[in-house]
*Asks:* 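To start, I am sharing the structure in question, which I have written as structure tokens.
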Amino acid sequence: MVYSAPRGTKDIFGEEAKIRHFLDTKAREIFARWNYQEISTPIFEEVNLFTRSVGETTDIVEKEMYVFKDKRERLLALRPEGTAPVVRAAIENALISPGKISKFFYSGPFYRYERPQAGRQREFYQIGVEFFGSVSPYADFEVLSLAVEYFHNLGLKEYNLFLNNLGCPNCRPEYRKALKDYLVQLPHSPTATSQLCADCQRRIEKNPLRVLDCKIDSKNIHGRIPLIKDYVCESCNKHFQELLALLTENKISYQIDPYLVRGIDYYTRTIFEFKNSVPGSNAGLERFSSGSQDTFAAGGRYDNLVKELGGEDIPAVGWAIGVERLIKQLSKEFISQELRAKSQEQLIYLATIGEKARKEGLKIVQTLRGAGFTVETGLYEEKSLKAQMREADGLKAKYVLILGEDELNRKVTTLRDMQTKEQKEIKLDNLPSELKKI
RNA sequence: GUGACUGUAGCUCAAUCGGUCAGAGCACUUGGCUGUGGCCCAAGUGGUUGCGGGUUCGAGUCCCGUCAGUCACCCCA
């Protein structure tokens, strides 16, 4: 083997290709009913789009982006996430405006330079939705219930929804300050009981909110550290409470996780994560348990991003699903059932004997495929009938058409039902319509 | 970026203390069955043991490097 796929990428084929196609099809089907419009944005964008939106000090921007210059020295990046490009496209094409509801979905590859491991690749796929134009908790509720509806249609049950309220530019700075003040006064000597890990000491200045979901320090600081819920302003709190009420009324179960934060700067108010909860596997209700890539979908509200990227003041909320992670959650039984239901399993295999039959067989194959039949044939290579029958069996063909000199002279073909082993002759004239009768 | 483990036919795996150890099963091809699949039987194709160095009389086995995979950290969907 001379070449291999670049680190963190992989080829998608066979069963996995079918599953992914199924996930996409189902998403399109459901999202269309909820009136979400599909949007595809470029794989690469100007670097600034991401540094402005995702945040200059986030790891995504600082160390995970694939950045390159094109021949005109334009600084570009492979897209590391989907929201900023959609917002850019929505502004640029005037797809959104204040007071108007616009809803989009996308599905495609994203790129982050990370060390690969289970559920984490350098090229990964996300399916996401973005809901523009409403500050109402009803919009938050809609995108959440859309995710729940989608998961339900995929037979996915073993998951939990975690929510938190991050506040807004009015109230978050105050909290940030309180948090920092708390963290700074903690003793930092190695012997101190409430010492923070090296990462968190760096985070104090850079991104103090991230200390909250640190796996190492959680047991020391939880219960003592200031929480944002005690600092959010009245309107942020009201928004969150209304959303929770909607979820409860509509029987969508959730848990509030006061330590939940995001690694992207543009979120305001509502943030959420869907995590798996299969007992015995990784994660679940037990946060901070080992086994990390258990969040298979996440998102939140971003009321200021459109404005920050040069658009008007338009609030929005959305989420993204990590496709590879979603696939890990799915029940094999459910999916293979769905796939079986879709595959027609009506393959017809044409076997020929002799050169004349081969030439004639080629025409028959063309005709049948043109008439809508799924056809494979053994005439590409000279093969014994036995070899062709074996191949047909391996392909799980439902019928085999046999064409030899004998049949050719009498203008018929032998039809064999591979399950019942019954054989009968069919006239070559009007073969498609004859076949449709069986 | 850090740490740990792993790398032998297409796949799953064997090979004692470094010494005919480069093998098995499955898959594939062919034959047994001159125009008929699955089961059975037989034969055959297929590997510079990830790659590159080193130690040694001798390396799949030991050492170093490198690439890749897996897992954890970091981070995130």
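Throughout, protein chains are lettered first and strands after them, A, B, ... in sequence-line order, and every chain is numbered starting at 1.
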*Asks:* Under the rule for salt bridge (Lys or Arg N to Asp or Glu O under 4.0 Å), what residues qualify as partners of K180(A), not counting sequence neighbours?
*Replies:* E205(A)

*Asks:* Need to verify one output field. Residue with the more 5' nearest nucleotide on RNA chain B, K63(A) or E81(A)?
*Replies:* K63(A)

*Asks:* Check each residue of residues 43-51 of chain A for a non-hydrogen atom within less than 4.0 Å of any atom in RNA chain B, then write out the ones that pass by number, or none.
*Replies:* none

*Asks:* For the pair R262(A) and E273(A), find out whether any cationic side-chain nitrogen is under 4.0 Å from an anionic carboxylate oxygen.
*Replies:* yes

*Asks:* Under the side-chain contact (heavy atoms from CB on, under 4.5 Å) test, which residues partner R358(A), sequence neighbours left out?
*Replies:* T352(A), E355(A), L379(A), E382(A)

*Asks:* Do nucleotides 1-6 of chain B as a string where each nucleotide becomes B, S or -: B if the base has a protein heavy atom under 4.0 Å, S if just the sugar-phosphate does, - if no protein is that close.
*Replies:* BBB---

*Asks:* Side chain to side chain donor-acceptor pair (under 3.5 Å) between Q329(A) and Y159(A): does it pass, once the steps are laid out?
*Replies:* CA-CA 9 Å; Q329(A) 311 298 323; Y159(A) 65 83; over 6 Å; no

*Asks:* May I have the list of side-chain donor-acceptor pairs in residues 46-53 of chain A shorter than 3.5 Å, sequence neighbours left out?
*Replies:*
from   : atom 1 : to     : atom 2 : distance (Å)
T51(A) : OG1    : N48(A) : O      : 3.1
S53(A) : OG     : L49(A) : O      : 2.7

*Asks:* Counting primed atoms plus P, OP1 and OP2 as sugar-phosphate and everything else as base, spell out the protein contacts along nucleotides 28-36 of chain B at 4.0 Å heavy-atom distance: B, S or - for each nucleotide, 5' to 3'.
*Replies:* --BBBB-BB

*Asks:* Taking the same atom, P, in rA14(B) and in rA72(B), what whole-Å distance lies between them?
*Replies:* 23 Å

*Asks:* Side chain to side chain donor-acceptor pair (under 3.5 Å) for N35(A) and Q37(A)? Distances and angles first, verdict last.
*Replies:* CA-CA 6 Å; N35(A) 196 33; Q37(A) 309 296 317; 3.0 Å; yes

*Asks:* Do E114(A) and R122(A) sit within salt-bridge range, that is, some charged N less than 4.0 Å from a carboxylate O?
*Replies:* no

*Asks:* Within the modelled atom types, does a donor on one side and an acceptor on the other bring the side chain of K396(A) and the base of rG37(B) under 3.5 Å apart?
*Replies:* no

*Asks:* Return the set of residues passing salt bridge (Lys or Arg N to Asp or Glu O under 4.0 Å) with R20(A) (not counting sequence neighbours), or none when no residue passes.
*Replies:* E16(A), E324(A)

*Asks:* Test of understanding: with side-chain contact (heavy atoms from CB on, under 4.5 Å), list the residues that count as partners of P315(A), not counting sequence neighbours.
*Replies:* V135(A), R301(A), D303(A)

*Asks:* As a test of your reading of the structure, name each stem of RNA chain B as range with range, where a stem is three or more consecutive Watson-Crick or G-U pairs at under 3.5 Å.
*Replies:* B:1-7 with B:67-73, B:10-13 with B:23-26, B:28-32 with B:40-44, B:50-54 with B:62-66

*Asks:* Taking only distance into account, with no hydrogens and no angle test, what donor-acceptor pairs under 3.5 Å do side-chain atoms of residues 75-85 of chain A form with protein atoms, sequence neighbours excluded?
*Replies:*
from   : atom 1 : to      : atom 2 : distance (Å)
R79(A) : NE     : P109(A) : O      : 2.8
R79(A) : NH1    : T41(A)  : O      : 3.2
R79(A) : NH1    : T41(A)  : OG1    : 3.3
R79(A) : NH2    : P109(A) : O      : 2.9
E81(A) : OE1    : T83(A)  : N      : 3.3
E81(A) : OE1    : Y266(A) : OH     : 2.5
E81(A) : OE2    : T83(A)  : N      : 3.4
E81(A) : OE2    : A84(A)  : N      : 2.7
T83(A) : OG1    : E130(A) : OE2    : 2.9
T83(A) : OG1    : Y266(A) : OH     : 3.3

*Asks:* I'd like the C1' distance from rU6(B) over to rC51(B), given in whole Å.
*Replies:* 16 Å

*Asks:* Mind running ring pair (Phe, Tyr, Trp, His ring centres under 6.0 Å) on F272(A) and Y254(A) for me, showing each step along the way?
*Replies:* CA-CA 10 Å; F272(A) 49 85; Y254(A) 63 86; over 10 Å; no

*Asks:* The criterion is salt bridge (Lys or Arg N to Asp or Glu O under 4.0 Å); which residues satisfy it with K424(A), sequence neighbours excluded?
*Replies:* none

*Asks:* Applying ring pair (Phe, Tyr, Trp, His ring centres under 6.0 Å) as the test, list every pair that has at least one member in residues 116-135 of chain A; sequence neighbours left out.
*Replies:* F104(A)-F132(A)

